[in-house]
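Accompanying notes for the structure given below.
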2 protein chains.
Amino acid sequence: MFLADCQARLAFDLLAPTWNAVVVCALRHGPRRPGELRAEIGGISPKVLTETLRRLEANGLVARRAYAEAPPRVEYELTELGQTLLGPIQAVGKWALDHAEDVLAAQDRWEESLETSS
Amino acid sequence: MFLADCQARLAFDLLAPTWNAVVVCALRHGPRRPGELRAEIGGISPKVLTETLRRLEANGLVARRAYAEAPPRVEYELTELGQTLLGPIQAVGKWALDHAEDVLAAQDRWEESLETSS
DNA sequence: TCCGTTAGGCACCGAATGGTGCGCGATGCG
DNA sequence: CGCATCGCGCACCATTCGGTGCCTAACGGA
């Protein structure tokens, strides 16, 4: 597992872009419109949100539904495949909540050691 | 969870660089020297390996031990914090093994639809 | 008629990541 | 002496990702 060309790498490519996991998580309770996602997530620009949704769609994690109305209405929702990803994502999220302090403390120690040595 | 400034984002920043999770996993059975890691992982350049190890060290996930010998000898091993990350990493890896086919099939469908529409 | 709303395309920029190639220092071996 | 080994630093390059700003299409309301 996890050698150079292992399939397990595929999942990390999916989760690597900053907002992918955030958007998947924001969709966990059902379909959402882009405007709702922007409001709920906060701090994501419209361009990046559509890019993120396109990536997720290209990998079969979300489905896009457009309605021929005006003003235009679009909804995104998790596919079955996307929902199976919620478990691993939340496992990582839980680890972060449990150990964020340790990581931040380690980062501080690292900064200090850089100053000391310079 | 997973709003713009949530702590959970921290873990994804840790796992985002391509090789971080691979290297953490390669260290799961004890200390390793850089040369061993390069051979075991395969496909990673020396520069990128040291960069990856520096990042992991800066976040308190691995510890570096240098021995004053010649030729120089260096060992890296997981810290306690690094070992706690093995669980979530393997949860994601297991998802990838279980669903890699679905993702690849979705990617193929996406490519096809691009050709059709163009 | 003019404006706001909604989704999203396009041009451009800056930072991070990954990769190649070259070099250094210190030692052991032929 | 000359060379290989090992870890690692530096210069340089290409790609990706995130971000800002500007524009379009289509309709409803003032």
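These numbers come from the heavy atoms of this one structure, side chains and all, not from hydrogens, waters or symmetry mates. Numbers restart at 1 for each chain; the letters A, B, ... are given by sequence-line order, proteins then strands.
- D:dC17 atom P lies 15 Å from atom CG of A:Leu49, rounded to whole Å.
- Here the C1' atom of nucleotide C:dA16 and the CZ atom of B:Arg54 are 18 Å apart, to the nearest Å.
- In this structure, of D:dT5, C:dT5, C:dA7, it is D:dT5 that holds the atom nearest to the side chain of B:Pro71.
- Comparing D:dG7, D:dG18, C:dT17 by their nearest atom to the side chain of B:Pro17 picks out C:dT17.
- Each of A:Arg55 and B:Arg73 has a nearest nucleotide on DNA chain D; the 5'-most of these lies closest to B:Arg73.
- Nearest heavy-atom pair, B:Leu53 versus B:Val62, reported as atom, atom and distance to 0.1 Å: O-CG2, 3.9 Å.
- Summarising the geometry, the separation between CG on A:Leu37 and C1' on C:dT6 is reported as 14 Å, rounded to the nearest angstrom.
- For B:Val48, the listed nucleotide lying nearest its side chain is C:dG19; candidates were C:dG19, C:dA7, D:dG19.
- Between A:Arg9 and A:Asp13 there is no salt bridge, since no side-chain nitrogen of the basic residue lies less than 4.0 Å from a carboxylate oxygen of the acidic one.
- For B:Arg33, no side-chain nitrogen or oxygen approaches OP1 or OP2 of D:dC6 to under 4.0 Å.
- Within 4.0 Å of B:Pro34, counting heavy atoms only, lie sugar-phosphate atoms of the nucleic acid but no base atom.
- Distance CZ (A:Phe12) to P (C:dG18): 14 Å, rounded to an integer number of Å.
- Between B:Trp19 and C:dG19 there is a side-chain N or O to OP1 or OP2 distance below 4.0 Å.
- One atom, OH of A:Tyr76, and another, P of C:dA7, lie 9 Å apart when rounded to the nearest Å.
- A:Ser45 comes within 4.0 angstrom of a base, heavy atoms only.
- Distance CG (B:Leu53) to P (C:dT17): 14 Å, rounded to an integer number of Å.
- Using a cut-off of 4.0 Å between Lys/Arg side-chain N and Asp/Glu carboxylate O, B:Arg32 and B:Glu77 are scored as not salt-bridged.
- We find that A:Arg33 and A:Glu75 are not joined by a salt bridge, their nearest charged nitrogen and carboxylate oxygen being 4.0 Å or further apart.
- The listed nucleotides are C:dT6, D:dC6, D:dG18; the one nearest the side chain of A:Pro72 is C:dT6.
- Atom NZ in B:Lys47 sits about 13 Å away from atom P in C:dA16, given to the nearest Å.
- A donor-acceptor pair under 3.5 Å is absent between the side-chain atoms of A:Asn20 and the main chain of A:Ala16, judged by distance alone.
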